[in-house]
J.: 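Below is the structure I would like to discuss, written out as structure tokens.
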2 protein chains.
Amino acid sequence: MARSAAPALDRDRLVGAAFALLEEEGLEGLSMRRLAARLGVQAPALYWHIADKGELLGLMAQDIYAPAYAGVPHAAHWRDWLRGFGHALRATFATHRDGARLCASAPAPRDRDVADHAARIAAPLAALGLDQGRALAFVASVISFALGWASFEANGPMHDYLDEMLDFDESFDIGLKALVSGFADACPGR
Amino acid sequence: MARSAAPALDRDRLVGAAFALLEEEGLEGLSMRRLAARLGVQAPALYWHIADKGELLGLMAQDIYAPAYAGVPHAAHWRDWLRGFGHALRATFATHRDGARLCASAPAPRDRDVADHAARIAAPLAALGLDQGRALAFVASVISFALGWASFEANGPMHDYLDEMLDFDESFDIGLKALVSGFADACPGR
DNA sequence: ATTGACTGTTTAACACTGTTAAGTCAACAT
DNA sequence: ATGTTGACTTAACAGTGTTAAACAGTCAAT
């Protein structure tokens with residue numbers, strides 16, 4: 001069972017190299033052959049460790065989302081948490097080149113338990129007194145906004161267009177604040 | 001100058017066929033060769049009419065955005081206009097298969113006049129009394145939200161995940177309402 | 001010690017992709 | 001009749017994700 005021969009390649013090293021390649025070459029340059037070359041190996045070897053490129057992108061997307069969830073500062077109200085989450089998301093998208101485009105095009109894993117996954121997403125908000133339905137809807141909204149914004153911002157020519165007449169950071173903050181504080185209307189009490 | 005030989009191919013027919021192909025095969029199946037085949041022509045012939053695939057996608061994106069702008073019902077307040085715009089956007093994205101992903105990946109045209117373009121985007125809101133800076137920021141926010149939401153929703157496995165416990169239409173509406181009504185805070189007077 | 005299984009990788013190949021260069025053929029102007 | 005130009009074809013390049021088959025190596029059992 002436990003083999004002693006060092007395989008020299010595993011999922012983690014693979015994903016790590018993929019991120020390094022992404023940083024250097026962008027999403028277009030992230031090809032299986034180049035990734036293999038960087039790992040000193042032939043392309044088909046990668047398929048021993050992952051099913052296809054989609055799975056690789058999925059793993060990378062997970063590694064982009066995870067720190068966003070983890071990096072939300074402690075919050076006393078679910079609205080503060082959502083704002084923190086939004087900013088954390090945007091920050092993570094910005095740290096990895098083409099991060100938003102990657103997350104937008106990465107397929108979600110398909111073997112997971114649905115209810116479990118949803119519960120995990122909604123957990124931080126549920127802990128702050130929000131029912132799961134609203135929690136999911138709000139999180140989905142914030143993710144959509146951050147993802148859409150980052151895609152928008154990452155669109156080269158579009159960026160140059162708006163850069164002269166729009167402060168991206170400030171405008172994102174305005175939009176996020178508006179979105180979250182607007183949730184109050186959809187929420188009884190509080 | 002005016003040739004009488006029917007060229008049989010022009011930009012409009014090209015874009016039209018591209019949309020038909022998109023509907024049938026999805027964004028992945030939208031290749032230059034397949035598009036050419038559908039037009040009864042060889043692939044390189046397309047390059048007589050467009051510079052590259054990016055330009056084709058850009059034209060298609062324009063044809064997706066345009067009816068969204070045109071389809072916003074008359075509004076007395078900029079907030080009503082923004083809500084109408086958001087819904088129109090989502091409707092257009094939904095009309096064309098992979099519409100959101102297409103718009104997210106299509107490059108913006110690069111020869112246009114920046115100020116002019118921005119002015120045109122902000123015009124409907126400016127007419128309702130909003131200064132151009134805020135108008136651009138708000139429109140960008142609504143586009144980002146709708147785009148991100150549609151990308152989110154179009155992500156197959158993710159959709160199946162959330163479909164059981166999330167009403168996409170209703171949740172989008174909640175988010176959009178929240179976003180737009182939240183803009184009031186960023187706005188003096190009104 | 002030899003066999004057999006299993007892991008991890010290689011080589012070769014398939015069916016594609018976007019795109020360019022060069023050639024072709026009709027319609028027009030001179 | 002000649003040349004120009006518009007619109008297209010054929011051939012090709014360099015690259016893509018992915019699969020099948022072959023091949024080392026290392027392990028467990030015989």
Side-chain angles (χ1 to χ4, degrees), chain A residues 1-19 21-22 24-61 98 101-102 104-107 109-110 156-157, chain B residues 1-19 21-22 24-61 98 101-102 104-107 109-110 156-157:
Chain A
M1 213 143 254
R3 300 285 154 130
S4 60
L9 221 62
D10 58 11
R11 275 164 109 92
D12 284 351
R13 266 178 55 82
L14 214 155
V15 174
F19 268 113
L21 186 55
L22 179 71
E24 289 174 17
E25 313 275 1
L27 193 55
E28 268 65 37
L30 179 54
S31 83
M32 299 304 265
R33 285 193 233 272
R34 282 156 94 118
L35 177 56
R38 164 179 281 268
L39 288 161
V41 112
Q42 297 306 111
L46 306 177
Y47 289 85
W48 183 258
H49 304 274
I50 55 170
D52 52 15
K53 190 177 181 179
E55 184 175 354
L56 172 63
L57 295 178
L59 292 172
M60 295 177 77
D98 289 330
R101 273 174 61 209
L102 192 156
S105 67
R110 42 189 168 291
Chain B
M1 213 143 254
R3 300 284 156 132
S4 59
L9 222 62
D10 58 12
R11 274 164 108 94
D12 284 349
R13 268 178 52 82
L14 215 154
V15 174
F19 269 112
L21 186 55
L22 178 71
E24 288 176 17
E25 312 275 2
L27 193 54
E28 269 66 36
L30 179 55
S31 81
M32 299 304 266
R33 282 190 236 270
R34 282 154 94 116
L35 177 55
R38 164 178 281 268
L39 288 162
V41 111
Q42 296 306 112
L46 306 177
Y47 290 86
W48 182 259
H49 304 273
I50 55 170
D52 51 14
K53 190 177 182 180
E55 183 175 356
L56 172 64
L57 295 178
L59 291 171
M60 295 177 77
D98 290 331
R101 274 173 60 209
L102 192 156
S105 67
R110 38 189 172 293

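Every chain is numbered from 1 and lettered A, B, ... according to where its sequence line falls, protein lines coming before strand lines. All values below come from the heavy atoms of this structure, side chains included, with hydrogens, waters and symmetry mates left out.
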J.: Write down the atom of B:Arg33, the atom of B:Ala43, and the distance for their closest heavy-atom approach.
T.: CG-CB, 3.8 Å
J.: Taking all non-hydrogen atoms of both residues into account, name the closest pair between B:Leu39 and B:Leu14 and its distance.
T.: CD1-CA, 4.3 Å
J.: Keeping the roles fixed (side chain from A:Arg101, backbone from B:Ser105), state whether a donor-acceptor pair exists under 3.5 Å.
T.: no
J.: Measure from the side chain of B:Trp48, starting at C-beta and using heavy atoms only, and say which of D:dT9, D:dA7, C:dT10 lies closest.
T.: D:dA7
J.: From CD of A:Gln42 over to C1' of C:dA12, roughly how many Å is that when rounded to an integer?
T.: 11 Å
J.: What string of B, S and - do you get for nucleotides 13-26 of chain C, 5' to 3', if B is base contact, S is sugar-phosphate-only contact and - is no contact with any protein heavy atom under 4.0 Å?
T.: B---BBBB------
J.: Could you give the CG-to-C1' distance, from A:Leu9 to C:dT7, as a whole number of Å?
T.: 13 Å
J.: Is any side-chain heavy atom of A:Glu25 closer than 4.5 Å to one of A:Leu30?
T.: no
J.: With a 4.0 Å cutoff (strictly under), does any side-chain N or O of A:His49 reach OP1 or OP2 of C:dT7?
T.: no
J.: How close or far is atom P of C:dG8 from atom CG of A:Asp10, stated in whole angstroms?
T.: 10 Å
J.: Identify the heavy atoms of A:Leu21 and A:Ser31 that sit nearest to each other, and give their distance.
T.: CD2-O, 4.2 Å
J.: Considering non-hydrogen atoms only, spot the tightest contact between B:Ala36 and B:Gln42 and give its length.
T.: CB-C, 3.6 Å
